[in-house]
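So that the names make sense, note that chain A is the first sequence line, chain B the second, and so on, each numbered from 1.
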Amino acid sequence: MKSGTSNGYFGQALKRVEDPRLIKGIATYVDDLRLPGLLHAAILRSPHAHARILGVKTEAAKNLPGVAGVFTGTDINPACGLVPCASSMPGLKAPRHTMLAGDRVYFVGHPVVVVVAASPAIARDALDLIEVDYDSLPAVTNPEKALEKDSPLTHPDQGTNVAFTWLLANGDVDGLFAQADRVIKQRIVHQRLTPMAIEPRGCVASYHAGEGSLTLWTSTQIPHLLRTLLPGVIGVAENKIRIITPEVGGGFGSKLDLYVEEAMCSHLAMRLGSPVKWIEGRRENAMSTIHGRDQIGDYELAVKNDGTVLAIKARTIADIGSYLQLLTPTIPTLTGLMICGCYKLKAVRFELTGVYTNKMATDAYRGAGRPEATYAIERLMDLAAAELGLDPAKIRQKNFPKPGEFPFQTATGLMYDSGNYQRALKKAQELARWDALLRQREQARQAGRLFGIGLSTYVEICGLGPSKIMAAGGWEWGCVRLEMSGKVTVITGTTPHGQGQETSFAQIVGDRLGVPMEDIVVLRGDTASAHYGRDTYGSRATAVGGTALIMSVDKIIAKAKILAGALLGASAKKIDFRNGRFWVKGKPKNAIDWKRLGQEAYEAKNLPANLEPGLEASSFFEPKNCTYPFGTHIVAVEVERETGDVKIVKYVAVDDCGPQVNPLLVEGQVQGGIAHSLGQVLFERTVYDENGQLLTGEFTDYPMPRARDIPEYVIGSTVTPSPSNPMGVKGVGEAGTIGANPAIANAVMDALAPLGIRHLDLPLLPEKLWRAIEEKTAGRKMKKPRSQS
Amino acid sequence: MIIQGTHTIAAAPAHVFDRLMEPAFLQQAIPGCEKLEKTGEDEYIAHLKLGIGSIKGSYAGKVRLTDRQPPHKFTMHLQGSGGPGFVKGTSAIELKAEGEATELHYSANVQVGGLIAAVGSRVIEAVAKKLAGEFFLKFSAIVEHDVKPER
Amino acid sequence: MIPAAFDYSRPQTLEEAVNLLAQHGEAAKLLAGGHSLIPALKLRLAQPKTVIDIGRIADLSYIREQDGRIVVGAMTTHHAIETSALLEEKCPLLPEVARHIGDVQVRNRGTLAGSIVHADPAADWPAAILALDAEMETVGPDGPRVIAAKKFFVDLFQTALRSDEILREIRFPVTAKSVAYVKTVQRASGFAIAGVAVVVDAPRMTVSVGITGVAAKAYRATAVETKLAGQSLSAENMAAAAAKAANRVEPLGDIHASSEYRAHLAQLNTRRALVLAASRA
């Protein structure tokens, strides 16, 4: 990249500057905040999935010493707005999403009463003194049954469980299916997942009655979007709200929301005249922070005998839970948009029905709609290869667009900006030692072992995105300020919460300014310092936010040249700049550095006429397109016949996220993403019983991947720059999850293929595999256990 | 959750049926039952204090009987709640003469909610069976000796 | 996750602890390593009026050989058992089981006695307690009492320990190396879906098999033991015996494993544990 320096930070695998404070335990999270007069909120939640509230008795709780207030929906809801949803889908039926339940509860965990007290313990004690009289109602828990005529209703006043329908249709689907030699059909289920960030949610709200201003510290990915949305809920103007995001212990999409608790604590701080803190417990987190995935799709792929894929059809149901959160309806539409994967499909029809059930809302969770698409198309490609007797790698290659065909328009209407899918596949096969792996499988199979190889070639959509496709703007803002001392302050409108941009943004700016990274501070997550921002999600921060910084750096350099010229007695055009030094062309010995410029710019005694003091610039970057990272994952597994246990024998990931600012951060993101996939493919699932009770509400029942579950990764990359931004970077936060799901699943299904097992749905739990193996080998029909829904 | 079981009680069905309708007998047999009062025709309220290991909780509930066909069968509807959660269920109870004894079969559809459902799912069925077992053991003993318990 | 208020006392001697327990009765709970009680307190599933912390009583943490037996003090941690050279030599099943418990943090704090008096149906220790025919020595107002393993686990979360008694010491026989513990782990909680402890007594040609996680309480797989008594430990004999591992028990079923899968794992892990133990003879 163009750079003003030879620091060469860009591309270096530097350790994160954030890590020492995190590792030493001296970072500040929301729960570390102590404010004078702080009160503590606790929330009584519904134990019923669906019930009418006949009465609430709060007298005893109110009388408990130390309790500052006990509030029901009747007390709070009229004073507040509704939880917003940013989706503008036509025909969307949106239930009134109030702060607390009104006369009904709609899911286990639905907030019913909030207590505010002098200590968390008193608030908790008070919850036990509240009596709620519920009349339980039939719960809607199965999204397919929810569509039947006689189904109970999640929201009886709406008269239907259908939240929305959405159709994406392009090209001559019927004609192409008529031309097909074969149609590959498969029902594909994506289980519900719980994000389980290690730090649950939490917030502290403080209201300054004199100023009429509100400060909200909250564990979120989107402080700026909250500042945009909160005024409509609590009635404080946007410019009197300051949102601060301290350290965030994981988001994965689950903190990309305006939640009831954030608005309610803000309201209560105003109402009570004291700051109010609320910290979510683990069980609360599991039941009342958004869930991910939960889609059922009937897929059909039209193929020719030579492996050419023609068109795809899908009828999908998304179980979205009982309420709309910020992007709830949008997420499954991303599945439709990405359903063509890396392949030159000519036509698509994707019918989507969003269904209300008595569960927590779904929303963005790592990958957000794209893993569902990649998993579906990659399973279908494997099924097609198997039915046609083709090599899974070759059938993919046959249908890739060629590198010269980019930008490539998909049947779903997206414009893939760049790509070289062949190169990533080839590199992954080399790293995996593909031929040797095939021989290893052959030997294992001859010995009667269940050994399988899985492949996934994926493309995803990142760097969100042009404002025209986003509800509230897809630009990003960034500011770079040379301080008087010559140090550099970088302010980003993105909100890194683990991605490491305090490091990578310092690398980018340090290179371009020619300033050592040690002299750079990156500020983020405070709407008072970053006046604008669209925050961090959808793997957008570096591609969009990083570019806004580059634009700002260039503005500073341009101004610095004028100032340097004035100081050196030359015009700006005659000034050369490199390595943080400015000189008149041909006279490099007589150079001025940033320190001198900082001093001159702010002391402002020698400024040329018309030049403003200071050296600071901010910029909005509006991308023309999203970015489309891609890659290939190859996995080898062995399945133990007697138990159904899956062991990962080999894991190779080749990702192309464009030029890498910091390969160590890229690798970390890819590893973390694959770990999420290992969880989803092999054991994670959110289980509600038939009455809507959540059975996976603790870490004792919701299995997260542990260190011992993680195999050794072989990680490689190819570099195909994106034309969508000057650095050519694309984003990598979700790539691991998007690429890994189908690769692992395809490997397991390949291992079971010799037994005649075609497809099993996620998660591929040992018992599920054991049963499938038993049925095929022992020939006995197994009873479907009640515990395996 | 369906919980079912069969118990043999050494008394005639008519006798067993009668005793099952008497709160004083039932209170003695129901594990942890501190109070059982008739509040109307075929309606009762109950207070239970139940403990499994260190897990202890108090529950208040309502019981309603329907489909009463002495001495063959009746249906019991139960709804109770306490700190650790709630229980709601319907149980069909059938009595059959088996020589001089009664074979009692129950089949209950039980819904458990709240904390006990969330953290107790792995043992909830075992707990329910254990409690049912304890009830019938005690109930059989009382009925067989037919000593009216003191109130 | 905030417990209800409780009184806290920290006796310095066992006698003092027994007196406190007698005084508070059912309203009190003993706190040892805290790995069963603290979660229950935090969820408010347990709300004792008084918590009696026996963690500071001297001399409750020891592993010794005494009169030809191995004796382990109540407050001995899983970690101490896991790393005991004496046990590795004289009663190797114990360190092997300890290695399967939870994670390092749990093993550092959790205690042997705390685990077995809680009688979680999926805890690891009960399998070993049963397979080794351990003896539990308790102390109460009426003095000490010894309870045999077979009588100790009464039911789900229920032992033969009386509410005024404290488990003081657990005694094990010295065994050969021919022991094994094979466990299928519930990967979220770390507890056992099916954990099988096997002790092979080669000279007497007997085996003893303790199984945890499968039923509402840990049990001795007597059908397996009977089948193998006096038999050679051939692969066929062991497989045939292991097939009886879930006889006459009602396997639990939950979201992590159906009762059918649990029964299968009980059989499979029994076979594997037998093979492993026999190979160590």
What part of A:Asp645 gets within 4.5 angstrom of chain C, counting heavy atoms only: side chain, backbone, both, or neither? neither
Given side chains that start at C-beta, do those of A:Tyr688 and A:Met360 come closer than 4.5 Å, heavy atoms only? yes
Salt bridge or not for A:Asp709 and C:Arg187, using N-O below 4.0 Å? yes
Determine whether A:Thr696 and A:Asp701 satisfy the following criterion, side-chain hydrogen bond (donor to acceptor under 3.5 Å, both in side chains), listing intermediate values before the conclusion. CA-CA 5 Å; A:Thr696 48; A:Asp701 285 303; over 6 Å; no
Segment of C:Arg262 engaging chain A (4.5 angstrom heavy-atom cut-off): neither
A:Phe683, part contacting chain C, at a heavy-atom distance under 4.5 Å: side chain
Sort out for me which of A:Glu684, A:Arg708, A:Glu698, A:Glu640 touches chain C most, counting heavy-atom pairs under 4.5 Å. A:Glu640
Looking at side-chain heavy atoms only, is the closest gap between C:His100 and C:Tyr181 below 4.5 Å? yes
